[in-house]
Amino acid sequence: MSVLVNKDSKVIVQGFTGSEGTFHASQMIEYGTNVVGGVTPGKGGQTHLDRPVFNTVEEAVEKAGADVSIIFVPPGFAADAIMEAADAGIKVIVCITEGIPTKDMITAKTYIQGKDCTLIGPNCPGVITPGEAKVGIMPGFIFKKGKIGIVSKSGTLTYEAADQIVKAGYGISTAIGIGGDPIIGTPTKNAVELLMNDPETEAIVMIGEIGGNYEAVASEYIKSTGNKKPVVGFIAGQTAPKGKRMGHAGAIIGGADDTAEAKMKIMAECGIHVVQSPAEIGDMMVKALS
Amino acid sequence: MNIHEYQGKEILAKYGVRIQRGIVADSPDRAVSAYKEIAKMTNSKFAVVKSQIHAGGRGKGKIVGTEQRGVQLAKSPEDVKEISTNLLHNTLVTHQTGPEGKVVNKVLIAEDAYYPGDSEPKEYYMSILLDRAKACNVIMASTEGGMDIEEVAENSPEKIIKEWIDPRVGLQGFQARKVANKLGLTGAANKEMVKFIYALYQAYEGTDSSMFEINPVLKTSDDKILAVDAKVNIDDNALYRQKDIAELRDKSEEDPMEVEASESDLNYVKLDGNVGCMVNGAGLAMATMDIIKLYGGEPANFLDVGGGANAQTVEAGFRIILKDPNVKAIFVNIFGGIVRCDRVANGIVEAYKSIGEIPVPIVVRLQGTNAEEGAKIINESGLKVSSAVKLKEAAELVQSVLK
């Protein structure tokens, strides 16, 4: 078992024939992901990476049975790509694109509400269920199969956490990179909830950043489950100054609740095993599971 | 992206928002002619001289080493000349600028909107921003005009009015009326406020803004509603389609090192510590700053070299970090995904050769894609670089080189 993506997922790539799309699609295929084709408007009917190119997502769903999409479309067109995927009936939409205008994301998020789909991202590394499907841009070899789920706003910190978990002798069930933008499809709580309800996931790593209240909401949720699975948590940006955007569009301290300190406090109060140092994630998981 | 008050007001005016009128000037002489024009327009000898910097608190802030406030009232051309001479090209320190302050390159000569009349002038607060949790915009207003909104939120949160905008239909008339009524406005002033809110929201949407803060919004003695100040922040991600606004960027308001870094496509934020760091990925970059602090150092910067790190970006990164005289050590932390560690290692070696002597110790941690090849390149280069594979070991190395 796993969440969001598995070996049966039929994945299409939106922005298939572009350089990013091409590179990562080949990497995903090499990993063993079931990539059934891709979408590039105007290039329908062609073959790319030995797979069919479609003009629209609707066509890809009809003809190739796609149920998962990964988006590499440039920022100005990415919100439209998300809505197209949702309209066509794609169940899991993973948007990698960084730099989408907030106004467009408000529109896209509103549009997909009430539709039977889950949006991961944007501005994220994607989702990986080791040994089954990689729908993202992460280096697959770091993620060994196992029973720890990861939820993270950051790409490279996801790799860091996975590496430490694997070196500590465990493996990963599914790692979900939820993205670092102010508006994302699946906030921390929703991603954690998926893993909480996944029978194959025994413990969870939750990695947040300064800005917003997603981690606080997730912490309250974890507490409400009676902490039925141990959660190890870290918040990046303890040393970040107020009012400065730290790389990710969403990583900015506005008010007091946005700080790493405030978030870590709530997390600890809700029974999460909080680490001060990003180097202690693996060690803390060993403690939490013993 | 931040813009100046006078630029923000110009944008608002284009959308039909009534503003406190003013003319910007970059010399005392120009300030005087601006004053004369304003005086003629308003038929009043009163005008306000306002320092134009990208920070709030200007009215309370002072020019370094003097008692000169950043915003002052003038009654004559002589006043304007004296005040603008005192402000222009000097450094203004406010609670938002930090102790180093910001140089005033321009002043706005603005009309005195607080003239006497049938009713008392009254100040209000209004802002529009993104509510991240609800994924929609929210209008916030308060009768506590001129006050710091965070203080109001802390002491009397019931005085903050919020109206969330449904993205499917946009701002509706009843919402603007609700806000005007809750602010206690009646008669002509109420109608004016409704128009003001409507126009303000159109401006916010039309300019892809991420924040508007109008503090104060003034009800004049003859029941007009106007923006006396305008803090306008534009969504950086939308600048590609807001070309006119993108041109308003004032690089002199930004840290020169941050400007230089952005020209090399590096995401850099200057901090005050002693350990420079170069990292791929924003989250790991913040985490690296945090671990530097936990191991006894202080981060000198945030620097994300991004997914395309190569020899050029690594060299540019080193050059920017080394410009900071406080830097006593550099920590390079790369978790290779798309970025290949061997490429970064080559970048480090080339940067060394090209920069010449790097006077501070460097700790390099390469992990992930091609980490072994990267470590080999570093170890065989003969450079004085300590390397580690685990994050913890690297942090300990940083700690030891600081001693």
Side-chain angles (χ1 to χ4, degrees), chain A residues 23-24 75-76 98-107 109-110 125 137-139 141-142 152-160 163-164 167 180 182-183 187 207 209-214 217 234 236-241 243-251 255-256 260 276-280, chain B residues 96 129-130 132-133 135-137 150 153-154 166-168 205 208-210 235-241 267 269 271-273 279-295 298-299 302-304 306-307 333-339 367-369 390-395:
Chain A
F23 175 74
H24 290 293
E98 177 173 8
I100 304 176
T102 301
K103 194 168 137 185
D104 297 4
M105 270 315 297
I106 294 177
T107 307
K109 180 136 182 175
T110 307
I137 59 172
M138 60 288 275
F141 71 92
I142 298 163
S152 169
K153 274 185 180 173
S154 146
T156 40
L157 262 182
T158 309
Y159 316 160
E160 181 69 53
D163 186 54
Q164 288 183 30
K167 289 207 168 97
I183 297 182
I207 296 172
E209 287 177 359
I210 52 167
N213 71 340
Y214 288 161
V217 175
F234 173 73
Q238 299 164 62
T239 50
K244 279 270 190 182
R245 198 173 105 154
M246 306 302 281
H248 285 156
Q276 298 284 324
S277 162
E280 310 287 340
Chain B
Q96 286 187 7
L129 66 161
L130 172 71
R132 289 169 66 159
C136 69
N137 294 319
E150 281 173 23
E154 176 98 17
D166 184 334
R168 287 168 297 187
E205 284 272 319
D208 268 304
S209 284
S210 46
D235 179 4
D236 291 311
N237 288 348
L239 286 174
Y240 76 93
R241 64 184 179 201
N267 214 327
V269 177
L271 302 169
D272 299 327
V279 190
N280 67 325
L284 189 61
M286 279 189 273
T288 303
M289 287 159 44
D290 296 345
I291 205 166
I292 287 170
K293 170 123 181 164
L294 285 170
Y295 283 77
E298 286 286 342
F302 166 94
L303 175 55
D304 172 12
N333 186 13
I334 302 291
F335 204 115
I338 316 165
V339 174
Q367 176 64 293
T369 309
K390 281 191 173 178
L391 183 53
K392 195 174 175 182
E393 289 162 3

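Letters go in sequence order (proteins before strands), and every chain restarts at 1. The model shown is predicted, which means the values in this text are computed figures rather than measured ones.
Heavy-atom pairs under 4.5 Å with chain A peak, among B/Ile292, B/Leu303, B/Leu284, at B/Leu284. For the options A/Ser154, A/Gly155, A/Pro182, heavy-atom pairs under 4.5 Å to chain B are most numerous at A/Pro182. Counting heavy-atom pairs closer than 4.5 Å to chain B, the top residue among A/Ile210, A/Thr158, A/Asn213, A/Asp104 is A/Asp104. Counting heavy-atom pairs closer than 4.5 Å to chain B, the top residue among A/Ser152, A/Gly237, A/Pro139, A/Pro125 is A/Gly237. In terms of heavy-atom pairs under 4.5 angstrom with chain A, the leader among B/Leu239, B/Ile334, B/Val269 is B/Val269. The most heavy-atom pairs under 4.5 Å with chain A, out of B/Pro167, B/Ser210, B/Ser209, come from B/Pro167. Options A/Ala279, A/Pro75, A/Ala260 differ in how many heavy-atom pairs under 4.5 Å they form with chain B, and the most are formed by A/Ala279. Of the listed residues (B/Glu150, B/Gln367, B/Lys293), the one with the most heavy-atom contacts under 4.5 Å to chain A is B/Gln367. For chain A, the option among B/Val279, B/Asp304, B/Asn280, B/Val339 with the highest count of heavy-atom pairs below 4.5 Å is B/Asn280.
In this structure, B/Leu271 and A/Lys244 have side chains that are not in contact, with every pair of non-hydrogen atoms separated by 4.5 Å or more. Between A/Ile183 and B/Leu130, the closest side-chain pair of non-hydrogen atoms falls below 4.5 Å. Residues A/Glu209 and B/Met286 have side chains in contact (heavy-atom distance under 4.5 Å, counting atoms from C-beta outward). No side-chain heavy atom of B/Phe302 sits less than 4.5 Å from a side-chain heavy atom of A/Thr239.
Judged purely by atom type and a 3.5 angstrom limit, A/Thr156 has no side-chain atom pairing as donor or acceptor with the backbone of B/Phe335. Side-chain N or O atoms of B/Lys392 include none that pairs as donor or acceptor with a backbone N or O of A/Glu280 at under 3.5 Å.
For a residue to count as touching a neighbouring chain, one of its non-hydrogen atoms must lie under 4.5 Å from one of that chain's; by this rule A/Ile142 touches chain B with the side chain only. No part of B/Glu154 comes within reach of chain A, as not one of its non-hydrogen atoms sits under 4.5 angstrom from that chain. Of the two parts of B/Asn267, only the side chain, counted from C-beta on, holds a non-hydrogen atom closer than 4.5 Å to a non-hydrogen atom of chain A. Heavy atoms of A/Thr107 lying under 4.5 Å from chain B are absent altogether. Contact of B/Ala285 with chain A is not made at all, since no heavy-atom distance falls under 4.5 Å. Proximity to chain B (any heavy atom under 4.5 Å) is shown, for A/Met138, by neither the backbone nor the side chain. Interface remark: A/Glu160 contributes backbone and side-chain atoms alike to the contact with chain B (heavy atom separation under 4.5 Å).
Pairing each heavy atom of A/Pro101 with each of B/Arg241, the nearest pair is CB-NH2, 3.3 Å. Taking all atoms of both residues into account, the shortest heavy-atom contact from B/Leu391 to A/Gln164 is CD2-NE2, 4.4 Å. Residues A/Ile106 and B/Ala135 share a closest heavy-atom pair of CG2-O, 3.6 Å. Closest non-hydrogen pair, A/Thr102 versus B/Asp235, comes out as N-OD2, 2.7 Å. The shortest heavy-atom contact between B/Glu205 and A/Lys103 is O-NZ, 2.8 Å. Scanning both residues, B/Ala287 and A/Ala236, for their nearest heavy atoms gives N-CB, 4.0 Å.
Summarising the geometry, atom NZ belonging to B/Lys390 is positioned 6.5 Å from atom NZ belonging to A/Lys167; distances are rounded to the nearest 0.5 Å. Taken from OH in A/Tyr214 to CZ in B/Arg132, the straight-line distance is 7.0 Å, to the nearest 0.5 Å. For the atom pair A/Gln276 CD and B/Asp290 CG, the distance stands at 9.0 Å (nearest 0.5 Å).
For B/Asp166, the CG atom sits in a packed shell: over 12 heavy atoms of surrounding residues, nucleotides or ligands are nearer than 6.0 Å.
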